[in-house]
Amino acid sequence: MTAIDKKSVIQELERIAVYLEIKGENAFRVSAYRKAAQALEQDERSLAELEDPSVLNGVGKGTAGIIDDLVKTGSTELLDQLKAEIPEGLIPLLKLPGLGGKKIGKLYQELNITSAADLKKACEEKQVRDLSGFGAKTEEKIYQELEDMGKRPERLPVSAVLPAVADLNSALDAIEEVDRFELAGSFRRGRETVKDLDYIISTEYPGEVGERLLSMEKVSAVISSGKTKISLELQYDDVIVPVDFRMVQDESFATILHHFTGSKDHNVLMRQRAKNNGEKISEYGVEIEATGEMLHFASEAEFFSHFDLPWIPPEVRNGTTELEEAETYVDLVSINDIQADLHMHTTWSDGAQSIEEMVEACRNRGYSFMAITDHGKFLKVANGLSDERLQRQHEEIRQLRTAYDDFDVFTGIEMDILPDGTLDYADDVLKNIDFVIASIHSSFNQDENTIMARLETACNHPQVAMIAHPTGRLIEKRPGYRVDVDRLIQKAYETGTILEINANPNRLDLSAAWAEKAQAAGVKIAVNTDAHRYEMLDHMELGVKTARRAKLKKENVVNTWTAAQLKAWLTSTDE
DNA sequence: GCCGTTTTCGGCCCGACTGTTTTCAGTCG
């Protein structure tokens, strides 16, 4: 038996890095521990399977020894020393913007500050401003940050920044001096939470563009404002959205887009590759070190091509294996492959539009088929369909679809799996429905076995085509019910049940990590919006980003298929 | 602390902005 689990080992390595940072240690030594923690995290193997950690890139003899200590005893000498030397209360101070290890070290050594409370007092007594490297302005800023500490979340769910994205896109569209712009950063990479929004802007007139940005309506604070870089905070009700803008000349657009798309670790990989070629990547281009010549690129594709790589999708730029795997991303699912949305609601239950309105909206998006899947009778709060209303609705759908020869509308239902594990409709009702979704909306607090029994009952039913939002989580709001996802994936594979990536930005459920595992196990995935009104159909893009993060191939995403292919597959998996 | 097809030392991705300085360190992404 080991003294601690893998997650704890990773945390302890990160803790060592933080302590060393405050101690003012060499920055490369600090980042070495961070890198080791990351290498451990990204390796699939358990501690037991990973006999010698130093085989990992970034873990050398020293850190391997520390890992070994942690595994065997739960502690290690270095960490014990650091704990004795540095007060634990200093660690949260690293989170304050503008305070890094060096400055915290100074506060500790010269003012004997050991906690947030000490620091606040020192600011009030105006002691901080007298330290070299600090000043009155810094002191005031620190004081304000301490006041605000803990008031705002570190990362925002994508759903929280969508209004800001919409506003910023139209604001930038309206600025004449902007030649083109793009939203980069973790939003472009399709992460489910973001720290800020990173906009890159091509312009010949950064001064004018900057002025316009600073005068935008929702600006609540200016964090920094230079010649080519501006950082703002926008306020939307109680949500504060930090935004960075970087302005460049158009010739540098591709390289700055790449740079600010990140991830940081991906950039490190690319820069290392460039260095091996005697070249240097910056935001502005690629410099040939021997001659000093600066190369520019018309597109990201050209930029990658310069390094003998195909264009690497932003969603997989994790700084892990994407350079080696670059050739395998050609058949990644993309938004243009999507033929259908298979989960949505209408006025028949809790949606805002009629069947016909939703059908028209989907046709206009260029889809070739869709499914109407209102809530079942169990969900009374959502005006779920009784047996009788269900029949009538499906009759209406069958009538409607005769009007189209180029578009198919599946009859469907989002049927609850009841708390007692039974299904909401009888077999003879289900057998006439084209696309039956099963999902859990109740009794989230049941134990794992009960939840799994519910999900397995649904998978086992020949008429159930798909499990919607399989874990029930809401990002940053609730964890979901107690589902053993590995077991669900296995069951879905055995029964030919599709698992959903629900594209709603509050859900993104399955997550990318689980969807990747599902694909590896041979499970088919559907990316659906679960739209309750027109605009929510737009969420497809976020769902597809999640699918791409999961490295899903087009062939494994059923709503890239034709209606006929999906129908044939559904029939073949009935048992 | 890690690493090596310039390999056991000397680098480690690169640049903008701020606040403090008066040429730059620290922080950040």
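Order of the sequence lines fixes the chain letters, A, B, ..., with proteins taken first and strands second; residue numbering starts at 1 for each chain.
Each of dG1(B), dT20(B), dG26(B) was ranked by its minimum atom distance to the side chain of Arg29(A); first place goes to dG1(B). Distance from the side chain of Lys264(A) is smallest for dC13(B) among the nucleotides dT20(B), dC13(B), dC17(B). When distances run from any side-chain atom of Thr138(A) to the nucleotides dC2(B), dT20(B), dC13(B), the shortest one goes to dT20(B). Counting only heavy atoms from C-beta on, Asn26(A) has its side chain closest to dC12(B) among dC14(B), dA16(B), dC12(B). Of the candidate nucleotides dC12(B), dC2(B), dG15(B), dC2(B) has the atom lying nearest to any side-chain atom of Ala32(A). When each of dA16(B), dG29(B), dC13(B) is scored by its nearest atom to the side-chain atoms of Asp244(A), the top-ranked nucleotide is dG29(B). Counting only heavy atoms from C-beta on, Lys102(A) has its side chain closest to dT27(B) among dT18(B), dT20(B), dT27(B).
With Lys120(A) as the fixed residue, the salt bridge (charged side-chain N to carboxylate O under 4.0 Å, His left out) test singles out one of Glu147(A), Glu145(A), Glu125(A), Glu139(A): Glu147(A). When each of His266(A), Glu283(A), Arg317(A) is checked for a side chain to side chain donor-acceptor pair (under 3.5 Å) with His258(A), only His266(A) meets the rule. Screening Arg473(A), Arg507(A), Lys477(A) for a salt bridge (charged side-chain N to carboxylate O under 4.0 Å, His left out) involving Glu192(A) leaves a single residue, Arg473(A).
With a cut-off of 3.5 Å on both pairing distances, dT8(B) has no Watson-Crick or G-U wobble partner at all.
On the C1' atoms, dC2(B) is 13 Å away from dT7(B), given to the nearest whole Å. dA16(B) and dT5(B) have their P atoms separated by 32 Å, given to the nearest Å.
What separates CG of Leu93(A) from C1' of dG26(B) is a distance of 16 Å, to the nearest Å. dG10(B) atom C1' lies 12 Å from atom NZ of Lys275(A), rounded to whole Å. Taking atom CD1 of residue Ile230(A) and atom P of nucleotide dG15(B), one finds them 21 Å apart after rounding to whole Å.
Toward the 5' end of DNA chain B, the nearer of the two residues Gly101(A) and Gly226(A), judged by each one's closest nucleotide, is Gly226(A). If you find the closest nucleotide of DNA chain B to Gly60(A) and to Gly135(A), the one lying nearer the 5' end belongs to Gly60(A).
Here Tyr199(A) does not reach the OP1 or OP2 of dG29(B): none of its side-chain N or O atoms lies under 4.0 Å away. Side-chain N/O atoms of Asn267(A) include none lying less than 4.0 angstrom from OP1 or OP2 on dC14(B).
Below 30°, between 30° and 60°, or above 60°: for Phe245(A) and Tyr199(A) the angle between ring planes is below 30°, a parallel geometry.
The shortest heavy-atom contact between Arg271(A) and Ser282(A) is NH2-CA, 3.7 Å.
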